[in-house]
Amino acid sequence: MQDRTDSHEPTAASGSPVRSRGARVLLLFSVFLCAACGLVYELALTALGSYLIGNSVMQTSVVISVMVFAMGVGSLAAKPLQRRAVGAFAAVEALLALVGGLSVLVLYLCFAWLRIYMPAMVVVSFVVGLLIGAEIPLLMTLLQRIRRQEAGSAVADMFAVDYIGALIGGLCFPLLLLPTFGQLKGALVVGAVNALAGVVVVLWIFRRQTRRAVRTGLLVVVAAVLAVLGTVYVLADDIEVTARQQLYRDPIIHAETTPYQDIVVTRSTAFTGEPDTRLFLNGDLQFSSVDEYRYHEALVHPAMSGRHASVLILGGGDALALREVLRYDRVGKVTLVDLDPAMTRLARGFEPLSELNGHALADPRVTAVNADAFNWLRDATERFDTVVVDFPDPDTAALAKLYSVEFYHLLGKVLKPGSQVVVQAGSPFFAPKSFWSVATTIGAAGYRTTEYQVDVPSFGNWGYVLAVPGREGAAPALRLAGDAPRLRFLDDAVLRAATVFPLDRRPQKVRASTLMDPAVLEYTQHEWQNY
């Protein structure tokens, strides 16, 4: 297929085939939409990798570097196509719409069934980058056909619109596409927009300079691409459920992808005959209902041995730590700060979770706040008797900042004199450097610490750090409060044993973690990759 126009057409004064100001505006609008779509593909690939694999820095670095390299290759590869710019651009956009629209689905299936996510991500990123790179030379040729310009002016116009489109696409991804469609369907919608913007618009502008057979063939291709994307969109929910179930041993009873994380709840029958409800965030187990009481009793009750009229819980959106706090009659006020409103909504209204947490979020003593804990602490003015820090393990940059010296300095602003803080610190057995880095970091921020560990069958050996502000004085005692409720797992004898670490898991010389040197992220990613 070949269009009749030629990249070496004469200037407008000599009879250029397309001279309309409206045509130029329409073509620049097509540039705008294509740029927005291209950036959404890039963001979708980086977000998917962060959800599935973690290590967001690595995922982002690989996707961006591979795509930028491929864009350069695509720009060079497009040079021979400039003589047939209309047909070539339409074909490139149709292929980009198909590959980009299906990219999230293809990578998710590769992760769920084939376990070749990283090689597949590199290939998909390269192909998408290659096609995006081919756009600019072809679009520049088409713009010059409408009206000849000096090279500098043409490049300025092109990139101004391209960068504005990238800005809008970057904002639409987290604010519109993810909340409205989710990752999988959002990519399909963008693919459809890409196909229409890149093909139909260009063919309309140059309809009189393109042979009917070429136009018809390209429109048939676009229709086929839209049909594929539309069919996958209709089947997307079933495909996602089937693929996701491959990743989990037990039946999934709830799943959703939020702007912050991938939430999955499974349910089965444990060997004891009890229901086993499990929560996973980004694929990582957060609790099993069979033994979560061991984890949450060990987390909460040692910290409650001091004053506890006012309590702050950071993280813990499942409200299970909150349930334990509310068992104390002397607790007058609890503030729970969790990033994801979907998580607290689930804990409040999803029956398997709300029953497990004893409908804790409905207690009138509780105020739930959906905010980033780091930023919330910067603006906080209230002070608390007890603070419970229950974040997921620091396996991403976003989580590592919540285990930094700077974070614990901010935490000090909301503590009363003599307040106690407890931090879940990961596994001293599976990730000893990570565990001791958390303890070292808390100490470097000016706290006295007591480290302890318990066994939680679903997790294995798990550790915590109890801390009080100030460098002078004794480390906090590990004990239960006089008004502690009757517990299923924890007593003073267990707490005495919990402070004893075996020879091969005793304190190690590790670095404190800071915002500029997130050592705990390095340790966590290295240690957990073996399990």
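Note that the coordinates shown come from a computational prediction; the quantities given were computed from them, not determined experimentally.
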- request: To the nearest 0.5 Å, tell me how far Ile313 CD1 sits from Thr335 OG1.
  value: 9.0 Å
Distance-minimising heavy-atom pair for Phe435 and Gly426: CD1-O, 4.0 Å
message: To check you understand the geometry: which heavy-atom pair defines the closest contact between Ala347 and Asn357, and what is its length?
response: O-ND2, 3.0 Å
- prompt: Looking at side-chain heavy atoms only, is the closest gap between Leu229 and Val189 below 4.5 Å?
  reply: no
query: With sequence neighbours left out, what residues match Glu292 under salt bridge (Lys or Arg N to Asp or Glu O under 4.0 Å)?
result: Arg323
- prompt: So, for Ala321 and Val300, which heavy atoms are closest and what is the spacing to 0.1 Å?
  reply: O-CG2, 3.7 Å
field: Of all pairs that satisfy ring pair (Phe, Tyr, Trp, His ring centres under 6.0 Å), the ones with a partner from residues 229-251, not counting sequence neighbours
entry: Tyr248-Phe280
field: Beyond-backbone contact of Asn282 with Thr396, side-chain heavy atoms, under 4.5 angstrom
entry: no
- prompt: Any donor and acceptor pair, going by atom type alone, linking the side chain of Ser75 with main-chain N or O of Gly133 inside 3.5 Å?
  reply: yes
message: Once you measure the plane-to-plane angle for Phe69 and Phe126, does it fall in the parallel (<30°), tilted (30-60°) or perpendicular (>60°) bin?
response: tilted
- request: Keeping the roles fixed (side chain from Ser288, backbone from Arg278), state whether a donor-acceptor pair exists under 3.5 Å.
  value: no
message: Please determine whether the number of non-hydrogen atoms from other residues, nucleotides or ligands lying under 6.0 Å from atom NZ of Lys401 exceeds 12.
response: yes
field: Side-chain donor or acceptor of Asn370 paired with backbone N/O of Asp338 under 3.5 Å
entry: yes
Any pair counted as salt bridge (charged side-chain N to carboxylate O under 4.0 Å, His left out), so long as it reaches residues 346-359, sequence neighbours left out: none
field: Listed once per pair and sorted, the salt bridge (charged side-chain N to carboxylate O under 4.0 Å, His left out) pairs that draw on residues 249-267, sequence neighbours left out
entry: Arg244-Asp262, Glu256-Arg345
- prompt: Between Leu377 and Val337, does a side-chain contact (heavy atoms from CB on, under 4.5 Å) hold up when you go through it step by step?
  reply: CA-CA 10 Å; Leu377 284 175; Val337 181; over 6 Å; no
query: Between the side chain of Thr216 and the main-chain N/O of Ala213, is any donor-acceptor distance below 3.5 Å?
result: no
- request: Starting at CZ of Phe287, measure out to OH of Tyr293 and round the result to the nearest 0.5 Å.
  value: 14.5 Å
query: So how far is it from Asp372 CG to Asp340 CG, rounded to the nearest 0.5 Å?
result: 12.0 Å
message: Is it the case that atom CH2 in Trp113 sees more than 12 heavy atoms from other parts of the structure closer than 6.0 Å?
response: yes
task: Scan for ring pair (Phe, Tyr, Trp, His ring centres under 6.0 Å) pairs involving residues 336-359, sequence neighbours excluded, and state none if there are none.
output: His254-Phe350
query: Are the side chains of Val124 and Val127 in touch, meaning some heavy atoms are under 4.5 Å apart?
result: no
message: Any side-chain to backbone donor/acceptor pair from Tyr403 onto Ala425? Under 3.5 Å, distance only.
response: no
query: Looking only at side chains, do Asp318 and Gln286 share a donor and an acceptor under 3.5 Å apart?
result: no
query: Should Phe206 and Val214 be marked as a side-chain contact (heavy atoms from CB on, under 4.5 Å) after you check the CA-CA gap, both sets of side-chain angles, and the distance that decides it?
result: CA-CA 11 Å; Phe206 294 96; Val214 174; over 6 Å; no
Test item: Ile252 and Val241 side chains (from C-beta on) under 4.5 Å apart, heavy atoms: no
- prompt: Are any non-hydrogen side-chain atoms of Gln59 and Met121 less than 4.5 angstrom apart?
  reply: yes
query: Nearest heavy-atom pair of Gly316 and Leu336: which atoms, and what distance?
result: O-CD1, 3.5 Å
task: Could you go through the ring-ring contact (aromatic ring centres under 6.0 Å, His included) check for Phe407 and Phe391 one step at a time?
output: CA-CA 13 Å; Phe407 175 81; Phe391 296 129; 5.8 Å; yes
message: I'd like to know if the side chain of Ser434 pairs up with that of Asp393 as donor and acceptor (distance under 3.5 Å, no hydrogens or angles considered).
response: no
message: Distance check, rounded to the nearest 0.5 Å: Cys172 atom SG versus Leu178 atom CG?
response: 11.0 Å
- request: Give, for atom CG of Leu142 and atom CD1 of Ile205, the distance between the pair rounded to the nearest 0.5 Å.
  value: 8.0 Å
Listed pairs under 3.5 Å, donor-acceptor, residues 26-48 side chains, sequence neighbours left out:
| unit_1 | atom_1 | unit_2 | atom_2 | d |
| --- | --- | --- | --- | --- |
| Ser30 | OG | Ala197 | O | 2.8 |
| Tyr41 | OH | Asn194 | OD1 | 3.0 |
| Thr46 | OG1 | Glu42 | O | 3.3 |
| Thr46 | OG1 | Leu43 | O | 2.9 |

- prompt: Say you draw a straight line from CG of Asp162 to CD1 of Ile136; how long is it, rounded to the nearest 0.5 Å?
  reply: 4.5 Å
- prompt: Going by heavy atoms in the side chains, are Leu109 and Leu114 under 4.5 Å from each other?
  reply: no
message: Assess the residue pair Ile263 and Leu281 against the criterion (side-chain contact (heavy atoms from CB on, under 4.5 Å)); give the C-alpha distance rounded to whole Å, side-chain angles, the decisive distance to 0.1 Å, and a yes or no.
response: CA-CA 5 Å; Ile263 303 173; Leu281 299 181; 3.8 Å; yes
- request: Considering non-hydrogen atoms only, spot the tightest contact between Leu218 and Ala90 and give its length.
  value: CD1-CB, 3.6 Å
- prompt: Is the backbone N or O of Ala519 less than 3.5 Å from a side-chain atom of Ser513, with the two atoms forming a donor-acceptor pair by type?
  reply: yes
message: Can you confirm whether Tyr108 sits close enough to Leu247 that some side-chain heavy atom of one is under 4.5 Å from a side-chain heavy atom of the other?
response: yes
message: Met343 vs Leu353, test: side-chain contact (heavy atoms from CB on, under 4.5 Å). Steps then yes/no.
response: CA-CA 10 Å; Met343 190 65 251; Leu353 290 190; 3.9 Å; yes
query: How about Phe459 and Tyr295: are their ring centroids closer than 6.0 Å?
result: yes
- request: May I ask you to decide if Arg294's main-chain N or O and Asp291's side chain share a donor-acceptor pair within less than 3.5 Å?
  value: no
- prompt: Looking just at side-chain N and O atoms, do Thr524 and Asp395 make a donor-acceptor pair shorter than 3.5 Å?
  reply: no
- line: Checking Leu326, Leu312, Thr367, Asp363 against Val334 for side-chain contact (heavy atoms from CB on, under 4.5 Å), the one that qualifies is Leu326
task: Find out whether Val62 and Met58 are in side-chain contact, i.e. whether some heavy atom of one side chain is under 4.5 Å from a heavy atom of the other.
output: yes
field: Which atom of Pro174 lies closest to which atom of Pro259, heavy atoms considered
entry: O-CG, 4.5 Å
message: Given 3.5 Å as the limit, does a donor-acceptor pair link the side chain of Thr180 with the main chain of Leu177, or not?
response: no
